[in-house]
Amino acid sequence: MIDLRALRDDPDRLRASQRARGEDESIVDRLLELDSGRRSALARFESLRAEQKSVGKSVSKASPEEREQILAKAKTLAADVKAAEAEAERIAAELDQTLSGVPNLVEEGAPEGGVDDFVVVEEVGTPREFDFTPRDHLELGEMLGAIDTERGAKVSGARFYFLTGVGAMLELGLLNMAMQQAVANGFTPMIPPVLVKPDTMEGTGFLGAHAAEVYQLPADDLYLVGTSEVPLAGYHAGEILDANALPARYAGWSSCFRREAGSYGKDTRGIIRVHQFNKVEMFVYTHPDRAHEEHLRLLAWEREMLDRLELPYRVVDIAAGDLGTSAARKYDCEAWVPTQGRYRELTSTSNCTDFQARRLNIRYRDEDGKPRFAATLNGTLATTRWIVAILENHQRADGSVVVPEALRPFVGRDVLEPINKK
RNA sequence: GGAGGGUUCGCAUAGUGGCCGAGUGCGACGGUCUUGAAAACCGUUAGGUCCUUACGGGGCCUCGUGGGUUCAAAUCCCACACCCUCCGCCA
């Protein structure tokens, strides 16, 4: 949710932001109009209510002869108050409704435009030249006895898989390495619930444009989370944090569930796009004035992981029109996937400023003792998908895969050897 | 799934229709006292929102949530949510 008072002071800022996202600018005038309507309706209600209270108080003190008259007045006042309150509530509800559809203000400097208008910030490493024809991750995964998508489909359907043997070891090692790096950087490790109540899911902004992506359990009125960002954002919902508790950095380890609605036919092979995967996610609550620098820090930590895994990748600055509802700025790191001849997203870090915190009512106490909304940020440290990049980039002609040095202690092997011939 | 108990200002409690947006104790913070500290004493101590601004204040809302009764609700009625205890069942 954006800040209405800030909007009143500087409506052009939201106009510019909406323009950058390619969204409706006229919403600004609509909001301003509803806001002033709500405030005058509220003032009307409040003065009537104040009168009602003072008249009501005089009832018990009135002499019997006045009593009748005062009661009659109180009665009409009660009706007026009720009507005024209903009107104020009606406008407030309309305002909330309109406001809930407004995405976060885009950070200055973010590229304008849509999906294809991202800016490549940096390319790191160079895609490897193969002196043999590289196998794709699924072929390698099958040779190594690491990935079984056929049985995944048998048991659970399309876009499900088993990680088997070294595949399971590889994922556990990767995620543990990510966890360890996070802890070394001062994060508190967390294993959160993956089923959350509607309030929490809504508060994080995932029931807006991406509602169709979310698994829902109607029998229990719960949602399966698509990322541990959701429970980690809900963790401090409704709280007022001590200023010196900030930044509060959490590393969430969880399974993630996504319906992948609307992506039929895309990435159907292997484990690039699946309904369930595991992820280590960084989540930070901080002071709004320090959110920008924290965002760059999260990006640096993501890059540290990619560097240690010796993967070629590029950093992209996502365009305004491709940002999520809550994000003011987003950077993705995309690793090179040799058999696709292109970069694929492995990490994503968003600065949500105080947008998410406003919805979830997450505040901190500033120097003056006043509660203020905190800023929230998130970023990926490792996911199941990383296995794709690791296998493909580090493969050898015989189908074996060299485990990057930094990962070896976590996997317990230097090389993954094929057990099935192809 | 069955039975019962609970939800008040950081914590603990008081409060069965107007004197309660709310008392007391603890904790925390500030002050007096002290060489320093403790004790004692004095004071402050929820959030939201709107108005006004001499920056000091004033109005309204919030006692789990929503609705109802009433001139008036923490207090009476209804529904729901959450928590706890016991029993059963399952991991």
Side-chain angles (χ1 to χ4, degrees), chain A residues 1-9 31-100 191-203 207 216-223 231 234-246 248 255 285 288 354-374:
Chain A
M1 204 186 334
I2 60 159
D3 181 5
L4 266 182
R5 263 176 293 194
L7 174 71
R8 251 176 251 155
D9 294 342
L31 282 172
L32 290 172
E33 188 187 309
L34 282 168
D35 178 48
S36 80
R38 180 192 56 113
R39 280 184 296 154
S40 61
L42 194 63
R44 211 154 42 233
F45 157 69
E46 284 179 357
S47 68
L48 278 169
R49 175 72 179 148
E51 193 183 351
Q52 182 199 22
K53 280 169 81 161
S54 75
V55 171
K57 275 194 177 125
S58 67
V59 168
S60 55
K61 298 183 200 97
S63 61
E65 50 271 20
E66 296 172 324
R67 203 183 182 90
E68 196 74 8
Q69 195 192 339
I70 291 179
L71 272 179
K73 188 177 181 195
K75 237 169 192 160
T76 49
L77 263 175
D80 292 348
V81 166
K82 212 165 198 174
E85 185 176 23
E87 173 66 1
E89 276 174 3
R90 189 189 61 78
I91 298 177
E94 199 177 336
L95 177 62
D96 284 349
Q97 169 87 38
T98 309
L99 195 58
S100 71
I191 300 180
V194 293
L195 284 169
V196 299
K197 299 198 270 189
D199 282 356
T200 305
M201 192 52 93
E202 214 166 291
L207 291 185
Q216 188 182 7
L217 281 74
D220 300 286
D221 203 17
L222 290 168
Y223 294 92
Y235 189 67
H236 286 305
E239 297 182 15
I240 300 175
L241 304 167
D242 261 8
N244 58 25
L246 301 181
S255 291
Y285 298 85
D354 61 357
F355 186 88
Q356 215 171 38
R358 212 172 276 283
R359 286 189 175 195
L360 289 166
N361 197 23
I362 300 160
R363 293 170 291 174
Y364 68 96
R365 215 172 275 286
D366 72 4
E367 302 71 31
D368 310 328
K370 290 265 175 290
R372 299 265 150 81
F373 288 106

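Proteins come first, then strands; the chains are lettered A, B, ... in the order of their sequence lines, and each starts at number 1.
- Distance noted for atom P between B:A22 and B:A74: 11 Å (whole Å).
- The pair A:Arg39-A:Asp35 meets the salt-bridge criterion, with a side-chain N (NZ, NE, NH1 or NH2) lying under 4.0 Å from an Asp/Glu carboxylate O.
- Nucleotides B:A39 and B:G5 place their C1' atoms 42 Å apart, quoted to the nearest Å.
- The separation of B:A91 from B:A12, taken at their P atoms, amounts to 37 Å, rounded to a whole angstrom.
- Between the CD1 atom of A:Ile362 and the P atom of B:G47 there is a distance of 18 Å, given to the nearest Å.
- Residue A:Lys53 has its side chain nearest to B:C61 when only B:U49, B:C61, B:G47 are considered.
- When both pairing distances are held under 3.5 Å, B:C60 makes a Watson-Crick or G-U pair with B:G48.
- Of all nucleotides present, only B:C84 satisfies the Watson-Crick or G-U wobble test against B:G4, with each distance under 3.5 Å.
- Under the Watson-Crick or G-U wobble criterion, with both distances below 3.5 Å, B:G17 has no partner in any strand shown.
- Along RNA chain B, the nucleotide nearest to A:Arg365 and the one nearest to A:Glu46 differ in position, and the one closer to the 5' end is contacted by A:Arg365.
- Among the nucleotides B:U49, B:G48, B:C61, the one closest to any side-chain atom of A:Arg5 is B:U49.
- Rounded to a whole Å, the CD1 atom of A:Ile240 is 8 Å from the C1' atom of B:A46.
- Pairing for B:C29 is with B:G43, a Watson-Crick or G-U wobble pair whose two hydrogen-bonding atom distances lie under 3.5 Å.
- Using the Watson-Crick or G-U wobble rule with both distances under 3.5 Å, B:U34 pairs with nothing in any strand shown.
- Here the P atom of nucleotide B:U49 and the CG atom of A:Leu4 are 10 Å apart, to the nearest Å.
- Rounded to whole Å, the P atom of B:U34 lies 30 Å from the corresponding atom of B:U24.
- Here A:Arg358 lies out of heavy-atom contact (under 4.0 Å) with every strand.
- For the C1' atoms, the distance from B:G21 to B:C61 is 10 Å, rounded to whole Å.
- Listed pair A:Arg44 / B:G59 fails the phosphate criterion, with no side-chain N or O lying under 4.0 Å from OP1 or OP2.
- Side-chain proximity of A:Arg49 to the nucleotides B:G59, B:A73, B:G47 is greatest for B:A73.
- Between B:C61, B:C82, B:C50, one nucleotide has an atom nearer to the side chain of A:Leu42 than all others, and that is B:C50.
- Going from atom CD1 of A:Ile91 over to atom P of B:C50 covers 14 Å, rounded to whole Å.
- Counting only heavy atoms from C-beta on, A:Phe45 has its side chain closest to B:C61 among B:C71, B:C61, B:C50.
- A:Leu34 and A:Ile91 get closest at one heavy-atom pair: O-CG2, 3.7 Å.
- For A:Arg363 and B:G47, the shortest distance from a side-chain N or O to OP1 or OP2 is not below 4.0 Å.
- Nucleotide B:A79 forms a pair with B:U65, judged by Watson-Crick or G-U wobble geometry with both contacts under 3.5 Å.
- Checked against B:C82, B:G59, B:G47, the side chain of A:Pro371 finds its nearest nucleotide in B:G47.
- A:Asp354 CG to A:Arg372 CZ: the interatomic distance, rounded to the nearest 0.5 Å, is 11.5 Å.
- Atom CD in A:Glu89 sits roughly 17 Å away from atom P in B:U49 (whole-Å rounding).
- A straight line from CD of A:Glu239 to P of B:G47 spans 15 Å, rounded to a whole angstrom.
- A close approach under 4.0 Å does occur between a side-chain nitrogen or oxygen of A:Gln52 and OP1 or OP2 of B:A72.
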Return a table of donor-acceptor pairs under 3.5 angstrom between the side chains of residues 76-83 of chain A and protein atoms on other chains or two or more places apart.
{"unit_1": "A:Thr76", "atom_1": "OG1", "unit_2": "A:Lys73", "atom_2": "O", "d": "2.8"}

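- The shortest side-chain heavy-atom distance between A:Ile240 and A:Tyr364 does not fall under the 4.5 Å cut-off.
- Pairing of B:A12, defined by two Watson-Crick or G-U wobble distances under 3.5 Å, is identified with B:U24.
- Judged by distance alone, the side chain of A:Thr200 and the main-chain N or O of A:Val196 form no donor-acceptor pair under 3.5 Å.
- Nucleotides B:C9 and B:G27 are separated by 14 Å at their C1' atoms, to the nearest Å.
- In this structure, A:Arg49 CZ and A:Glu51 CD are separated by 12.5 Å, a value rounded to the nearest 0.5 Å.
- Remark: A:Ala78, A:Lys82 in residues 76-87 of chain A come within less than 4.0 Å of RNA chain B through at least one heavy atom.
- In this structure, the separation between CZ on A:Arg44 and OG on A:Ser47 is 9.0 Å, given to the nearest 0.5 Å.
- One C1' atom belongs to B:C76, the other to B:U69, and the distance between them is 8 Å to the nearest Å.
- Minimum atom distance to the side chain of A:Ala74 is reached by B:C71, of the listed B:C71, B:U49, B:C61.
- Contact record, A:Pro288 with A:Phe373: CG-O, 3.4 Å, taken as the closest heavy-atom pair.
- OP1 or OP2 of B:C51 has at least one side-chain nitrogen or oxygen of A:Arg39 nearer than 4.0 Å.
- Look at CG on A:Leu95: it is 15 Å from C1' on B:G48, rounded to the nearest Å.
- Atom C1' of B:C11 sits at a distance of 24 Å from the matching atom of B:A81, rounded to the whole Å.
- Between the CG atom of A:Asp242 and the CZ atom of A:Arg365 there is a distance of 8.0 Å, given to the nearest 0.5 Å.
- Remark: P of B:U49 and CZ of A:Arg372 are 11 Å apart, rounded to the nearest angstrom.
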